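Comments concern the structure below.
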There are 2 protein chains.
Amino acid sequence: MITADQLRTFTEQIFIAIGCSDTDARLAADVLVSADLRGVDSHGVARLPGYVRLYDAGRLNPKPHIKIVHETPSTAVVDGDRGLGLVVGPWAMQVAIEKARIAGTGWVAVRNSNHFGIAGYHALLATEYDMIGQAMTHAAPLVAPTFSLDKLLGTNPIAVAIPAATEPTFLADFASTAVAYGKLEILQRKGQDIPLGWAQNAEGQPTTDANAIRNGGALLPLGTDREHGSHKGYGLGAIVDIFSGVLSGANYGPWVPPFATAGFMQANEGVGEGTGHFFGPCALMPSDLPTSLKRIWIPGFSDSVRQKPLKANKS
Amino acid sequence: MITADQLRTFTEQIFIAIGCSDTDARLAADVLVSADLRGVDSHGVARLPGYVRLYDAGRLNPKPHIKIVHETPSTAVVDGDRGLGLVVGPWAMQVAIEKARIAGTGWVAVRNSNHFGIAGYHALLATEYDMIGQAMTHAAPLVAPTFSLDKLLGTNPIAVAIPAATEPTFLADFASTAVAYGKLEILQRKGQDIPLGWAQNAEGQPTTDANAIRNGGALLPLGTDREHGSHKGYGLGAIVDIFSGVLSGANYGPWVPPFATAGFMQANEGVGEGTGHFFGPCALMPSDLPTSLKRIWIPGFSDSVRQKPLKANKS
């Protein structure tokens with residue numbers, strides 16, 4: 001039995017070993033352990049070797065000089081200086097929150113970062129200031145748009161966290177694909193088939209082969225096929241890519257650098273700087289509507305859509 | 001053969017006949033005709049009788065006093081005074097654009113409105129100012145969340161329009177369901193079956209019956225079922241509902257008033273004021289990144305995701 005605290009300390013020490021400051025190592029460990037505590041093991045400490053491989057490949061700066069390169073009263077572009085996404089993300093979200101405190105909203109695009117863990121962690125940071133939080137990131141191309149054979153987009157997740165007074169915080173945090181790649185990997189490791197509708201093979205045909213993505217196939221957008229709205233999942237993934245990659249000056253589409261997962265390490269030529277994210281917090285708007293917010297209503301919620309806030313888990 | 005101009009004039013005259021000002025009638029007609037010009041017939045002039053029925057039912061104020069009821073430098077809540085959504089929408093988007101011109105972004109929630117036509121029309125308004133435009137609206141409950149038998153959410157669409165310099169404007173505009181209700185109605189009128197995955201029957205089972213919704217069934221969220229990510233489409237629909245309904249003080253969830261479609265006219269008790277929308281434009285952020293914006297890249301675009309801007313169609 002390993003406790004969360006033991007896991008946190010172990011993870012911190014790994015990050016310190018590759019050169020991160022104590023503060024950054026503590027924050028990065030918190031992001032990863034929080035994923036495990038929420039039951040999203042695919043994005044938790046299991047990803048730690050990936051960050052170390054990024055460092056070994058010279059693609060990670062453990063002591064980044066993160067900075068704002070452009071700003072208006074409610075927007076900013078942040079350069080992550082090739083730092084850990086786990087550290088660059090909260091830094092940029094803090095900028096966005098500061099802007100929202102003054103202007104009401106903040107939109108911050110980030111370039112020159114890498115994998116930032118679960119999007120929900122970053123979105124929830126805003127709720128600690130009683131703000132709505134939005135976080136998104138693009139990712140390496142594993143997804144074929146509707147009617148495409150080529151992998152041109154990542155699983156590009158979106159998270160939206162909304163404070164709800166006396167009710168638990170609303171959090172939706174999901175990939176814009178039928179399934180996250182981590183879910184497919186689990187069946188891959190078990191040697192099991194995947195359900196039809198998650199992926200296509202190299203010929204663009206529906207497949208149950210969990211290894212299809214490694215063999216020229218692709219993940220499918222949310223909606224699976226045209227008849228069931230895959231062009232909508234594709235559109236959602238494209239929006240995330242443009243917000244995270246094009247607005248920030250990071251790479252985009254098929255040029256988003258791979259996270260250091262075995263089998264996806266090859267470097268891309270690049271059309272921008274590193275990986276990008278996007279953050280959009282908003283101070284709760286209707287100060288004259290407290291009752292509306294107190295009786296916030298979440299329709300027939302399920303665990304996957306509404307969970308306890310991180311703070312409750314951490315205590 | 002009826003030209004767009006003839007259709008526009010006819011539609012204007014109907015709106016004038018129910019008491020709208022010339023200016024409002026012209027704008028409302030433009031929103032509806034633009035849907036037909038984009039090939040979205042389900043949201044075009046075919047909806048005109050619905051607005052007249054709303055008026056006949058005393059639910060539409062043809063001469064609304066639309067006003068801002070709360071604001072910060074980059075946010076506002078607008079009360080539509082039961083005016084046409086086709087008019088309230090552009091009014092509120094103009095407020096959002098003015099805020100974005102000064103602060104960088106604008107988030108505006110609207111209550112006391114009704115059906116606003118295609119979301120894409122409103123999102124595109126921001127692109128005329130070289131801004132990103134976002135528009136969303138909730139709608140009457142026709143959708144069952146994942147694992148639910150009850151219809152608790154609307155088809156709740158989202159539109160995002162992004163200017164792209166010399167390239168055509170990017171526009172994604174889609175319901176958060178497997179299919180829009182209008183698509184199902186088309187097969188209903190033809191007496192044809194619907195594909196499996198669009199709807200469930202009164203027992204929550206998959207159905208090909210195009211009349212299922214009228215008989216206790218429901219539309220399904222984007223993703224269709226849990227295994228293929230319907231909890232994500234459900235989460236997306238819930239986000240749209242909270243932004244449009246809860247932040248604004250409008251109704252929400254099962255209390256969103258029905259649009260005047262035959263068979264869905266019964267009035268609800270109500271937990272807020274009318275129907276809500278949400279608008280979120282952003283002035284293009286990276287003024288130091290003009291090349292990035294010029295080489296904006298849209299992955300393997302299809303007609304449903306990337307279309308010519310309205311202005312090109314109107315000329």
Side-chain angles (χ1 to χ4, degrees), chain A residues 69-70 72-75 77 103-105 107 109 145-148 150 152-153 160 162 170 172 174 177-179 195 197 222-224 227-229 231-236 238-239 241-242 246-249 252-253 271-272 282-283 285-289 292-293 296-300 302 304-305, chain B residues 69-70 72-75 77 103-105 107 109 145-148 150 152-153 160 162 170 172 174 177-179 195 197 222-224 227-229 231-236 238-239 241-242 246-249 252-253 272 282-283 285-289 292-293 295-300 302 304-305:
Chain A
V69 291
H70 170 76
T72 70
S74 71
T75 71
V77 176
T105 60
W107 282 29
T146 308
F147 303 139
S148 169
D150 292 329
L152 295 172
L153 289 170
V160 177
I162 306 176
F170 171 97
F174 53 88
T177 45
V179 71
L222 178 58
T224 293
E227 189 168 75
H228 297 90
H231 54 299
K232 304 177 183 189
Y234 159 32
L236 204 57
I239 292 166
D241 194 40
I242 295 171
V246 179
L247 290 186
S248 69
Y252 43 83
V271 291
C282 176
M285 239 173 297
S287 64
D288 52 343
L289 287 171
S292 173
L293 289 165
I296 191 166
W297 174 88
I298 293 150
S302 72
S304 57
V305 174
Chain B
V69 292
H70 170 76
T72 71
S74 71
T75 70
V77 177
T105 60
W107 283 29
T146 308
F147 302 140
S148 168
D150 292 329
L152 296 171
L153 289 171
V160 177
I162 306 175
F170 171 98
F174 53 89
T177 45
V179 72
L222 179 60
T224 292
E227 189 168 78
H228 298 90
H231 53 299
K232 304 177 183 188
Y234 160 32
L236 204 57
I239 291 165
D241 194 41
I242 295 171
V246 179
L247 290 186
S248 69
Y252 42 82
C282 176
M285 238 171 301
S287 64
D288 53 343
L289 286 172
S292 172
L293 290 165
R295 60 175 162 70
I296 191 167
W297 173 87
I298 294 152
S302 71
S304 57
V305 173

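Note on naming: letters A, B, ... go to the chains in the order of the sequence lines (proteins, then strands), and numbering restarts at 1 for each one. Keep in mind that what you see is a predicted model, and the values were worked out from it rather than measured.
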Pick one of side chain, backbone, both or neither for B/Thr224, based on which atoms fall under 4.5 Å of a heavy atom in chain A. side chain
Below 4.5 Å, heavy-atom pairs only: which of A/Asp150, A/Ile239, A/Thr177 has the largest tally toward chain B? A/Ile239
Most contacts with chain B, counted as non-hydrogen pairs under 4.5 angstrom, among A/Pro195, A/Ala178, A/Gly229, A/Ser74: A/Ser74
Testing the basics here: between A/Phe170 and B/Gly235, what is the closest heavy-atom pair and its distance to 0.1 Å? CZ-O, 4.3 Å
Atom NZ of A/Lys232 and atom CG of B/Leu222: how far apart are they, to the nearest 0.5 Å? 6.5 Å
Are the side chains of A/Leu236 and B/Leu236 in touch, meaning some heavy atoms are under 4.5 Å apart? yes
Between A/Trp107 and B/Trp107, is any pair of side-chain heavy atoms under 4.5 Å apart? yes
